[in-house]
Trainee: 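Please read through the structure below; I'll follow up with questions.
In what follows, chains are A, B, ... by sequence order, proteins preceding strands, each numbered from 1.
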Protein chains: 2
Amino acid sequence: MRMEAERAEIPASDSTGVQPLRSLEKGLRLLELFNRETPFLTMTELARRSGFHLSTIQRLTATLCNLGYLKRDENKRYHLGVKVIKLGFQVMRTLELRTLIRPYLQDLFNVVGLTVNLFLTVDDEVVIVERLEKHRILQYNLQMGSSLPMYCTAAGKTILSFMGEKRAQNYLKRVSMKPFTPHTITDPGKFLKELTLSRERGYAINTQELSLGACAVGMAIFDKEEMPRGAISLACPAQHFKMETVIEKYIDPLKKASRIASQFMGNSKE
Amino acid sequence: MRMEAERAEIPASDSTGVQPLRSLEKGLRLLELFNRETPFLTMTELARRSGFHLSTIQRLTATLCNLGYLKRDENKRYHLGVKVIKLGFQVMRTLELRTLIRPYLQDLFNVVGLTVNLFLTVDDEVVIVERLEKHRILQYNLQMGSSLPMYCTAAGKTILSFMGEKRAQNYLKRVSMKPFTPHTITDPGKFLKELTLSRERGYAINTQELSLGACAVGMAIFDKEEMPRGAISLACPAQHFKMETVIEKYIDPLKKASRIASQFMGNSKE
DNA sequence: TTCTAATTATCGCTATACGATATCTCTTGT
DNA sequence: ACAAGAGATATCGTATAGCGATAATTAGAA
């Protein structure tokens, strides 16, 4: 019975008829449990968070440790192994979009003189894939590879706004809207209203919702199916820039860059 | 029979009595096949390179695609998925040594005024875990997370020099010493001689062996078992600096930093 | 077109991964 | 110091998940 419940958490592979490999799925799920909030996890914590049987955790951790994907410290806490880094950076090299769009981002950067970010969607977050930094404003040390929530970033919000009401609502069910600053939107109703507004005008704004003193405007990037896959955002310190003037002055170059990026993703609209 | 041969490639988990999970191992092995030389691989190529049965590849790729760890382009070539990035950067955040040693690397950087790199060993390569860049000299765009061969880097050579004759020889059996420049050492015998020299003086030198115009000196970092686990290196453009004077002037601060790093790794020598 | 190579789908067998349980190792409180 | 409890390891019989073979399909090349 408990076993059934466990299985239920991993939906069957539906994209193809090939049977999915359960232990591989579980192993990767386990790796994903290590994040900013919980970089160190013990066996029982892993069991609790994953829902997997403790014996399963034993086998998974042993295997992952052997391969260098997990390490264990003297307190028997596990953390991700250095080996994972190599994979991570291999992806950065591979990402076609990133290399293709880079010169255009540089152009954008030269024109606007603000921090330029290229985001891609991963699960329920956005990951910085390219970044040209102007001002050091954030509390956080953002860099390429950093992943951020969608509900408090301009990039995430514009992406969500184009995913459709249904999907946005499901997103809100999944995540908890933890307030990063007093400006963080934590009310789902209010958030959905702003998504509508964002979709209508074609861009989303973040006013100090992730980090005090930091504002941004983001425009989505679409693939060939017209689905938002990522976004480009301009970020600036709140005290030196008025968002309205930033938008008025720079929305066109931003639009241009995001359209080019969309084209690189196979989008051919207009 | 063929099955047996396949199994033989994955040695049994020996660190603990727990049985290893074959399909998890295979899945991760598959991901590791994607590297700088071969960022895109088709199913049959994967089968060839891994030695796994084609049916196995089917299952592995399907599972990994579902989870977002692999993507497939329109030509049915697979490449690593964006999801891997998140894991990669989570490691960077987690790495204790990196955060602990950072201020000391900054000190070192201020004193020497050369590019400072912190490397950790991963498999048969060294991975840049922290980097303070002074001169833009390399052909390659090195950055945090980049992985490099050991046989043509100061960091890799000093690490190898302290791993013991036996292990160094095994290393040489595994890797092919592809020449990056005319200065790259490609003769195993000559290389082993230099390792001996490096061990005796306590540091290794790289004279344009990876990239023309780039020199470096590296010192190893040891863990509590006196095993080299990484290295700190100073890099500079060859035409503006004489290696002998660099070493004479800066070997002491470099030694100091690498000793502190060793202490952070639990090493308590002297 | 035909031939070849690669990809996708199907299936029965058995090694494999499963969960339960027992043992061992800690920490914590009395 | 000892007991109690929680957590980590080891063991084991069983069911099933993953295995390889092979067939069917598609895509390219000649």
Trainee: Would you call A:Lys83-B:Glu32 a salt bridge at under 4.0 Å N-O?
Mentor: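 Yes.
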
Trainee: Can you identify which nucleotide, out of C:dT8, D:dA8, C:dC18, has its nearest atom closest to the B:Leu54 side chain?
Mentor: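 So the side chain of B:Leu54 is nearest to C:dT8.
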
Trainee: Look at all strands and tell whether B:Ser55 reaches a base, only sugar-phosphate, or nothing, counting heavy atoms closer than 4.0 Å.
Mentor: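 Contact class for B:Ser55: base.
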
Trainee: Using the six-membered ring wherever Trp is involved, compare the ring planes of A:Phe162 and A:Phe222 and label them parallel, tilted or perpendicular (cut-offs 30° and 60°).
Mentor: perpendicular

Trainee: Among B:Val84, B:Val91, B:Leu87, whose side chain to side chain contact (heavy atoms under 4.5 Å, CB included) with A:Leu87 holds?
Mentor: B:Val84

Trainee: Rounded to the nearest angstrom, tell me the gap between atom CG in A:Leu60 and atom P in D:dT9.
Mentor: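 About 14 Å, once rounded to whole Å.
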
Trainee: Looking at D:dG7, D:dG18, C:dG19, which one has an atom nearest to any side-chain atom of A:Ser23?
Mentor: D:dG18

Trainee: Can you tell me the distance, in whole Å, between the CG atom of A:Leu46 and the P atom of D:dG7?
Mentor: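 Those two atoms, CG and P, are 13 Å apart.
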
Trainee: Round to the nearest Å and state the distance from B:Leu70 atom CG to C:dT7 atom P.
Mentor: 14 Å

Trainee: Start at the 5' end of DNA chain D and walk down; is the nucleotide closest to A:Leu24 or to A:Arg59 reached first?
Mentor: A:Arg59

Trainee: Of the candidate nucleotides D:dC19, C:dA20, D:dT9, which contains the atom at the shortest distance from the side chain of B:Lys26?
Mentor: D:dC19

Trainee: Any donor-acceptor pair under 3.5 Å joining the side chain of B:Gln58 to the base of C:dA9?
Mentor: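 For B:Gln58, whose side chain was compared with the base of C:dA9, there is a donor-acceptor pair (under 3.5 Å).
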
Trainee: Could you verify whether a donor N or O on one side chain and an acceptor N or O on the other, from A:Asn35 and B:Gln90, lie under 3.5 Å apart?
Mentor: no

Trainee: Between C:dA15 atom P and B:Glu25 atom CD, what is the distance in whole Å?
Mentor: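 Distance, rounded to whole Å: 18 Å.
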
Trainee: To the side chain of A:Lys76, which of C:dT8, D:dC19, D:dT9 is closest?
Mentor: D:dT9

Trainee: From the options C:dT7, D:dG7, D:dG20, select the nucleotide whose nearest atom is closest to the side chain of B:His53.
Mentor: D:dG20

Trainee: Between C:dA6 atom C1' and B:Glu45 atom CD, what is the distance in whole Å?
Mentor: 11 Å

Trainee: Rounded off to whole Å, could you give me the CD1-to-P distance for the B:Ile57 and D:dC19 pair?
Mentor: 10 Å

Trainee: Relative to the 5' end of DNA chain C, which residue comes earlier, B:Thr42 or B:Leu21, by the nucleotide with the nearest heavy atom?
Mentor: B:Thr42

Trainee: Provide, to the nearest angstrom, the distance between the CE atom belonging to B:Met43 and the P atom belonging to D:dG20.
Mentor: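 For the pair B:Met43 CE and D:dG20 P, the rounded distance is 14 Å.
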
Trainee: Calculate the interatomic distance between B:Asn75 atom CG and C:dT7 atom P; express it in whole Å.
Mentor: 11 Å

Trainee: Any side-chain N or O of B:Arg22 below 4.0 angstrom from OP1/OP2 of D:dG18?
Mentor: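 Answer no for this pair, as no side-chain N or O of B:Arg22 is under 4.0 Å from OP1 or OP2.
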
Trainee: So, is A:Arg72 close to the D:dT9 phosphate, meaning a side-chain N or O under 4.0 Å from OP1 or OP2?
Mentor: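 For A:Arg72, the contact criterion (side-chain N or O under 4.0 Å from OP1 or OP2 of D:dT9) is met.
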
Trainee: Does a side chain donor of either B:Thr63 or B:Asn66 reach within less than 3.5 Å of an acceptor in the other side chain?
Mentor: no

